[in-house]
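Notes follow once the structure below has been shown.
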Protein chains: 2
Amino acid sequence: MQHDINSTTIQAQEVMDRAQQAFLSFRHASGRKRAELLEKIADGLEAERSALVRTAQEESHLPDTRLNGELSRTIGQLKLFANLVREGSWVQASIDPALPDRKPLPRTDIRKMLRPKGPVVVFGASNFPFAFSTLGGDTASALAAGCTVVIKAHPAHPATSKAAFRTACKAIQDLGFPADILQHVDQPDIRTGIELVKAKATAAVGFTGSFQAGYALMQAAAERAVPIEVYAEMSSTNPVVILPELLNSAAEATAKKLAASISLGVGQFCTNPGLIFITKNPQLETFLKVLKSAMETTAAAPMLHEGVLAGYHNNLQVVLSQAGVDTLVEGKHVDGTIAVTPSLATVTADSFLHNSSLKTEVFGPFSLVIIAENQAELLAALQSIDGQLTASIFGTQQDLANKTIVTPILDSLTAIAGRIIFNEVPTGVEVCHAMVHGGPFPSTSNGSYTSVGSSAILRWARPVCYQNFPDSLLPEELQNANPLGIWRQIDGDWSKNQR
Amino acid sequence: MQHDINSTTIQAQEVMDRAQQAFLSFRHASGRKRAELLEKIADGLEAERSALVRTAQEESHLPDTRLNGELSRTIGQLKLFANLVREGSWVQASIDPALPDRKPLPRTDIRKMLRPKGPVVVFGASNFPFAFSTLGGDTASALAAGCTVVIKAHPAHPATSKAAFRTACKAIQDLGFPADILQHVDQPDIRTGIELVKAKATAAVGFTGSFQAGYALMQAAAERAVPIEVYAEMSSTNPVVILPELLNSAAEATAKKLAASISLGVGQFCTNPGLIFITKNPQLETFLKVLKSAMETTAAAPMLHEGVLAGYHNNLQVVLSQAGVDTLVEGKHVDGTIAVTPSLATVTADSFLHNSSLKTEVFGPFSLVIIAENQAELLAALQSIDGQLTASIFGTQQDLANKTIVTPILDSLTAIAGRIIFNEVPTGVEVCHAMVHGGPFPSTSNGSYTSVGSSAILRWARPVCYQNFPDSLLPEELQNANPLGIWRQIDGDWSKNQR
């Protein structure tokens with residue numbers, strides 16, 4: 001029996017209680033079994049590729065190539081987590097063997113590993129109908145960890161969400177897992193989302209979307225009788241710093257790279273470079289001219305939906321109407337459509353410094369260039385912004401040699417960002433082990449975690465310690481013989497050894 | 001200049017701003033330098049041992065041997081974290097090298113490691129004037145991570161706290177660190193604590209104490225413009241489950257072990273076994289008789305201070321006055337002192353199940369034995385309790401062979417506890433790599449972390465990712481040559497290799 005909940009009388013409590021019931025058995029499924037499930041879901045998505053892409057295209061207005069690429073990424077993520085949990089070392093097993101002869105007191109045997117938290121709620125994101133939605137990274141990593149999942153479908157692509165969900169249901173059924181390890185709720189209102197977060201059985205929440213919605217979920221979670229973690233990826237302006245020497249050698253190339261990044265996906269990426277910090281320089285005019293020209297010649301493209309378009313218009317107007325802001329490129333809105341062309345503006349670092357309206361995310365194809373008189377002013381402007389998913393530095397070897405300039409900039413970016421990028425644009429997030437797609441508030445609710453890459457699984461597990469346990473009663477990951485052959489820390493050193 | 005803040009006009013904002021200023025340089029101190037600092041502080045404590053113990057004895061009423069042991073543990077913790085950060089692998093370095101030939105797109109070089117969060121506030125605990133106070137595990141692990149620390153002294157031992165702080169100041173001065181890497185605030189009121197949590201520069205908070213105080217700090221942190229993590233260790237009843245066969249072979253020995261654990265430190269440990277679950281059995285009377293006798297013959301000993309005594313009395317009376325509770329041992333309060341003898345009571349599992357007043361922590365030398373008619377009733381009672389630091393199981397080989405009894409109990413304990421213990425008492429927390437002294441709410445604010453053992457350092461750091469960075473600009477931990485010789489994950493596999 002599938003649970004695809006779409007009646008208007010949805011009872012969040014019941015949905016989460018079913019997820020909890022399913023968790024009671026799913027938590028015992030081995031990493032190998034969970035890997036099989038993820039791979040079968042991936043295969044199902046591949047088999048349904050053309051229908052899924054067609055449905056998503058109708059709902060999201062994203063182009064065919066982008067959606068095919070995103071679906072491939074989604075399939076890749078499912079396979080990454082399958083490999084991760086089949087291999088098994090992700091549980092961070094740690095063994096401190098007994099020291100019966102230690103003085104003054106003997107040490108008992110202590111072991112620990114990560115165990116799944118319980119049922120989690122995953123909110124789909126509008127800008128990634130596949131990769132950050134129904135069967136995206138949050139769901140893949142949570143199932144991989146051994147959690148059961150309730151998906152709150154994003155109202156902008158309900159049919160895509162349901163189609164993806166049905167694919168997963170087939171895999172779940174074929175492998176004989178309880179149906180309720182994955183449930184789908186497609187009530188469009190935020191109230192339903194809040195109720196799911198507040199339901200007693202909910203152990204954690206994954207979210208990608210707006211600051212307003214993410215913050216509402218954080219508050220709901222904090223007000224629970226038992227507070228839980230909401231892992232919300234919310235908003236980021238992704239500062240880019242252009243070092244002084246770069247403009248002399250690469251003004252044109254850098255401007256073109258940035259223009260392409262700002263316009264990519266009609267600017268609807270959480271890593272869109274929204275703020276560009278630069279000091280006055282003879283080549284600044286060239287840089288701005290090329291940036292302006294590249295953005296002016298970018299073709300109009302549709303945004304995701306009317307709501308995103310309206311939000312973009314409003315937020316853009318707020319920025320463009322601030323004192324000291326010069327509009328370099330005034331984007332156009334193609335009448336009768338939801339298509340736009342990119343916008344670009346400049347402002348002095350001095351005006352930027354004290355105006356918080358210039359520091360909030362404008363979700364769409366827009367960037368603000370902040371022009372500083374000197375490095376001190378640039379640094380002050382940079383230090384006035386909030387937590388970020390990414391921060392980028394463009395510079396030459398000569399720039400890097402100038403430590404008095406580079407070190408304070410790098411320190412400032414380290415303090416505010418989850419990922420610091422050298423001479424590359426922030427869009428395009430690699431799905432790998434070392435990725436951090438997370439950062440200090442308000443870019444996310446909790447900068448200690450990532451929502452992309454294999455470490456995303458850590459959000460759904462917590463350490464459990466076993467003291468003086470008989471070997472037979474321990475999880476396989478902690479047994480002396482290391483039957484799974486995983487990496488473990490024994491007395492603090494990593495190995496695949498037996499104990 | 002030392003900053004020992006005790007004027008009544010303390011400005012939390014200024015204190016934390018100074019901590020932030022000191023962080024700007026301290027974050028660049030190498031692991032080796034931080035290790036030197038921790039060791040010098042440890043040496044200072046050893047040099048001042050007799051004076052420190054004398055002061056603590058006057059303020060805490062704890063016996064000399066206990067305080068000497070606790071000070072040794074505190075010194076040991078400082079050295080553990082010194083070793084941890086000198087060795088350096090704690091930063092969880094991860095390197096995914098570039099794959100320039102990957103199709104359809106090349107992969108760029110991505111690396112990550114943990115970096116310190118910033119200035120943190122540490123609240124001293126009344127029940128551990130050394131090990132969980134001024135220079136205890138929270139301060140040691142935060143300094144080890146590279147964070148600066150503001151200590152909020154516990155009002156029950158202000159002179160002990162100040163003496164320990166002055167010892168650390170000397171080490172800081174001798175090694176030439178900025179004075180403000182460690183500050184000491186001894187305002188006794190909770191309002192000052194809240195202000196420190198709310199100050200803009202505060203990046204995280206460590207706390208050990210009551211649920212009420214810890215929860216107030218959690219709420220203050222959630223209400224900040226930029227919410228932060230409070231790592232609060234708050235309350236736990238530490239359930240103990242006695243399996244059926246054990247009573248036949250070890251009723252007496254187990255009862256004696258438990259009685260000693262309940263009375264240890266006059267019951268003033270967060271791991272005190274407050275709930276004992278047992279099924280009816282012919283040997284039950286023997287078990288209760290021995291437990292009763294051992295507790296009746298325990299000598300009176302002073303509690304920490306009047307406040308703890310008053311809280312203990314109140315909470316104990318609430319429990320003893322509940323319907324169905326039989327008092328087996330009525331503890332005595334020695335007139336004109338703050339000394340008490342232990343108390344013991346029993347209740348049926350059926351009465352326990354629906355009465356939340358029986359499930360809250362009674363901080364002191366008391367335990368409640370919950371007697372079930374059968375295993376199903378025991379399991380239901382067990383599943384009705386909240387998150388716990390520890391849960392213990394006492395059983396024989398024969399008990400373990402009975403999977404229908406053991407598996408559901410183990411599953412239930414895994415769901416609620418941070419540490420599960422077999423045939424040992426929960427008091428006595430080993431300081432090692434695999435320790436988890438943490439657990440689901442309300443035992444702590446965040447069950448994903450531990451406040452004891454080397455992993456306690458993880459509370460004070462967050463991952464930062466470096467993309468396409470020139471080797472020379474990377475932190476040493478991530479450089480190709482692995483100059484620090486640390487364990488790193490390269491493409492997911494652990495080694496000390498160069499890249």
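Lettering of chains follows the sequences in order, A, B, ..., and the numbering in each one begins at 1.
- No side-chain heavy atom of A:L24 sits under 4.5 Å from any side-chain heavy atom of B:D411.
- For A:R115, there are no salt bridge (charged side-chain N to carboxylate O under 4.0 Å, His left out) partners, not counting sequence neighbours.
- With B:D491 as the fixed residue, the salt bridge (charged side-chain N to carboxylate O under 4.0 Å, His left out) test singles out one of B:R111, B:R499, B:R107: B:R107.
- Of the residues considered (A:G438, A:S495, A:P440), A:P440 shows the highest number of contacts with chain B, using heavy-atom pairs under 4.5 Å.
- Taking all atoms of both residues into account, the shortest heavy-atom contact from B:I490 to B:P97 is CG2-CG, 4.2 Å.
- A:E430 places no side-chain N or O within donor-acceptor distance of the main-chain N or O of A:G428, the cut-off being under 3.5 Å.
- Chain A forms more heavy-atom pairs under 4.5 Å with one residue of B:P442, B:P470, B:A203 than with any other, namely B:P470.
- The aromatic rings of B:F469 and B:Y466 lie perpendicular to each other, with more than 60° between the two planes, well past the 30° mark.
- Between B:L474 and B:M113 the shortest side-chain heavy-atom distance does not fall below 4.5 Å.
- Residues of residues 443-450 of chain A lying within less than 4.5 angstrom of chain B, judged on heavy atoms, are A:N446, A:G447, A:S448, A:Y449 in numerical order.
- Residue with the most contacts toward chain A among B:E229, B:Q467, B:R27: B:Q467 (heavy-atom pairs, distance under 4.5 Å).
- With respect to chain A, the highest number of heavy-atom pairs below 4.5 Å among B:W90, B:F23, B:F422 belongs to B:F422.
- The candidate from A:L410, A:I420, A:V226 with the greatest count of non-hydrogen atom pairs under 4.5 Å with chain B is A:I420.
- In terms of non-hydrogen atom pairs under 4.5 Å with chain B, the most contact-rich of A:P116, A:G418, A:S472 is A:G418.
- Most heavy-atom pairs under 4.5 Å with chain B: of the set A:Q219, A:K117, A:M435, A:Q489, this distinction falls to A:M435.
- Using the six-membered ring where Trp is involved, A:W460 and A:Y231 have ring planes that are perpendicular, over 60° apart on the 30 and 60° scheme.
- Note: B:T414 leads B:L84, B:L400, B:T414 in heavy-atom pairs under 4.5 Å with chain A.
- No part of A:H437 comes within reach of chain B, as not one of its non-hydrogen atoms sits under 4.5 angstrom from that chain.
- Counting heavy atoms of neighbouring residues, nucleotides and ligands inside a 6.0 Å radius, atom NZ of A:K200 does not exceed 12 of them.
- For the set B:R102, B:Q92, B:K403, the entry with the most heavy-atom pairs within less than 4.5 Å of chain A is B:R102.
- Counting all heavy atoms, side chain and backbone alike, B:G453 lies closest to B:L80 at C-CD2, 4.2 Å.
- Interface residue A:A461: only backbone heavy atoms are found under 4.5 Å from chain B.
- Neither the backbone nor the side chain of A:R459 comes within contact range of chain B; no heavy atoms are under 4.5 Å apart.
- At a 4.5 Å heavy-atom cutoff, the contact between A:A417 and chain B is made by backbone atoms alone.
- Proximity to chain A (any heavy atom under 4.5 Å) is restricted, for B:W487, to the side chain, taken from C-beta onward.
- The two residues A:S384 and A:K359 make their nearest non-hydrogen contact at OG-NZ, 3.0 Å.
- In the displayed structure, B:Q21 atom CD is contacted under 6.0 Å by at most 12 heavy atoms of other residues, nucleotides or ligands.
- Using a distance-only test at 3.5 Å, with no hydrogens or angles considered, a donor-acceptor pair links the side chain of A:E87 to the main chain of A:S89.
- Residue contact with chain B, scored on non-hydrogen atoms closer than 4.5 Å, is absent for A:L105.
- Between chain A and the options B:T407, B:I95, B:T108, the largest number of non-hydrogen pairs under 4.5 Å is found for B:T108.
- Side-chain atoms of B:D96 come within 3.5 Å of backbone N or O of A:H433 as a donor-acceptor pair.
- Neither the backbone nor the side chain of B:L478 comes within contact range of chain A; no heavy atoms are under 4.5 Å apart.
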